[in-house]
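Heads up: the structure comes next, in structure tokens.
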Amino acid sequence: MKKGYFSDFGGVFVPETLMPALVELEAAFESARKDDAFLAGLESEFKSFVGRPTPITFAPRLSEELGCELYFKREDLCHSGAHKINNALGQALLAKKMGKKRVIAETGAGQHGVAVATAAARLGLEAEIFMGEVDMERQKPNVFRMKLHGAKVTPVSSGSKTLKDAVNECLREWTSSVRTTHYLLGSALGPHPYPEMVAFFQSVIGREARKQFAESPGGLPDVVVACVGGGSNSIGIFKGFLDEASVRLVGVEAGGRGIESGLHAARFSDAKKGRVGVLHGTKSFVLQDTDGQIAETHSVSAGLDYPAVGPEHAALRESGRARYDYATDTEALAAFKLLSEKEGILPALESSHALAWVVKHASELADKRVLVNLSGRGDKDVFHVANELGERID
């Protein structure tokens, strides 16, 4: 495999001003991943601060209703509320190793922003989070949480005012401050080494899940399902099972209001708009019009509202190792309610897409052992869900 690529996807497509920072970051990462002291420090933070390992939870009532054995990998139980803290802590420790005093980050659903603010507070780093104004409105609780941790939250008013535009602003800011600042990218996308590095820090999810299932009476799961925006939670859990051909891997994109409507974020599922292109420094599948302009996206979940997907996912789809499908806003909202009512677990809207796929495909999953990565908890989404469902919260 060519350096920085997964099959034909990946690479480095950035302004020359950012190349020294990426070269520095690659060298630091390659050193850190082989450094026993660094890895031990990260493992200690995972155990004592994040609360790892996160458990596997069997869902008895939903299993009976759907006709399969349904399990959840409980990343929602991580400190700060989602899998994002795994990568945030890893990169924050790396930033300190490089002598950086400040981290910047983009965020959509706010969970990555909260994780970065949390890690920065833990390690004594200055933090600035860029967030689209649309996402700030629908994720107010997370905006306040970031500020409580001492981070500066900068609204982004350009473009669609969502995650894509927050990434744009982060890259612009990083260009002017590379000497003192590390861009703590939140997903398995962007220029090399980010896709590989983020996957490395998130692979703890898959390692734990494989060990937990291997030690259970029934053995490994038959199917592993996770939502896919940029793709960090999904690539993290997939990593634990990539070498097990008997384990099916399913990534679930945001179908928004339906593929036919054009208002969605399903890069693989839209045959007309989802094509190979370059966005934010990497070559992958991108939603674009016939002129190559980035298409408008929509999802009820801010964390999946992004027009591109991580390059390793593009390679997994091309090879056939993973299957990619989508769930609509309506299906995700129904899954959100279903899990809350049946199992007492409030899932993030992002994770609700993965469960929605299981519900929709229950007949083909009959008697299978199904593992869903519950990448985050839904506390952040309750007001947004209430608004979408027309319910009043006094």
Side-chain angles (χ1 to χ4, degrees), residues 9 13 106-113 130-140 142-143 154-172 185-190 227-232 234 251-311 313-314 317 324-333 348-350 352-353 356 381 384-385 387-388:
F9 306 99
F13 300 88
E106 83 300 329
T107 196
Q111 284 303 133
H112 177 57
F130 293 84
M131 191 172 190
E133 289 180 342
V134 168
D135 292 338
M136 290 182 72
E137 178 61 28
R138 57 183 173 179
Q139 296 294 339
K140 286 181 179 179
N142 273 345
V143 174
T154 299
V156 177
S157 58
S158 59
S160 61
K161 305 176 186 178
T162 56
L163 182 57
K164 167 180 68 71
D165 311 290
V167 175
N168 289 339
E169 290 304 314
C170 250
L171 287 169
R172 290 191 188 101
L185 189 74
S187 199
L189 41 78
C227 64
V228 181
S232 64
S234 43
V252 186
E253 301 183 284
R257 294 173 187 166
I259 299 298
E260 301 79 11
S261 74
L263 291 174
H264 60 81
R267 290 67 45 108
F268 294 134
S269 301
D270 190 333
K272 293 181 179 179
K273 292 183 179 180
R275 300 192 303 275
V276 176
V278 173
L279 181 64
H280 296 142
T282 194
K283 178 184 176 185
S284 187
F285 266 72
V286 182
L287 285 172
Q288 52 194 305
D289 64 21
T290 54
D291 296 321
Q293 297 299 306
I294 303 304
E296 180 183 358
T297 59
H298 163 80
S299 173
V300 70
S301 57
L304 302 185
D305 195 356
Y306 184 69
V309 65
H313 284 293
R317 177 179 180 265
Y324 294 86
D325 206 339
Y326 68 91
T328 65
D329 289 353
T330 300
E331 291 165 343
L333 287 164
L349 277 173
E350 290 75 22
S352 299
H353 284 70
D381 293 317
H384 185 45
V385 169
N387 183 61
E388 288 289 326

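Hydrogens, waters and symmetry mates are skipped; everything else that's a heavy atom, side chains included, is used.
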Can you name the nearest heavy-atom pair linking [X] to [Y], along with the distance?
X      : Y      : answer
His112 : Leu185 : NE2-C, 3.7 Å
Gly190 : Thr282 : O-CB, 3.1 Å
Ala314 : Ser284 : CB-OG, 3.6 Å
Ala327 : Glu331 : CA-OE1, 3.3 Å
Ser234 : Val228 : OG-CG2, 3.5 Å

Contact between [X] and [Y] at the side-chain level, heavy atoms closer than 4.5 Å - yes or no?
X      : Y      : value
Arg172 : Phe130 : no
Lys161 : Met136 : no
His384 : Val300 : yes
Thr162 : Arg138 : yes
Pro307 : Leu279 : yes
Val286 : Lys273 : no
Phe285 : Phe9   : yes
Ser160 : Asp165 : yes

[Y] backbone acceptor or donor facing [X] side chain under 3.5 Å:
X      : Y      : value
Ser187 : Gly231 : yes
Glu350 : Gly303 : yes
Glu253 : Phe268 : yes
Asn142 : Gly113 : no
Glu106 : Gly186 : yes

Any carboxylate oxygen within less than 4.0 angstrom of a Lys/Arg side-chain nitrogen, looking at Arg267 and Asp270?
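Asp270 and Arg267: not salt-bridged.
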Please report the interatomic distance [atom1]([X]) to [atom2]([Y]), rounded to the nearest 0.5 Å.
X      : Y      : atom1 : atom2 : result
Ser301 : Asp381 : OG    : CG    : 8.0 Å
Ile259 : Thr328 : CD1   : OG1   : 9.5 Å
Met131 : Thr107 : CE    : OG1   : 5.0 Å
Asp329 : His264 : CG    : NE2   : 11.5 Å
His353 : Asp325 : NE2   : CG    : 12.0 Å
Leu263 : Thr297 : CG    : OG1   : 9.0 Å

Test log, rule side-chain contact (heavy atoms from CB on, under 4.5 Å), inputs Gln111 and Gln139
CA-CA 9 Å; Gln111 284 303 133; Gln139 296 294 339; over 6 Å; no
Could you walk me through whether Cys227 and Leu304 pass the side-chain contact (heavy atoms from CB on, under 4.5 Å) check?
CA-CA 8 Å; Cys227 64; Leu304 302 185; 4.2 Å; yes
Under 6.0 Å between ring centres: does that hold for Tyr324 and His313?
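That pair passes the under 6.0 Å test.
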Restricting to pairs with a member in residues 286-296, which pass side-chain hydrogen bond (donor to acceptor under 3.5 Å, both in side chains), not counting sequence neighbours?
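Qualifying pairs, neighbours excluded: none.
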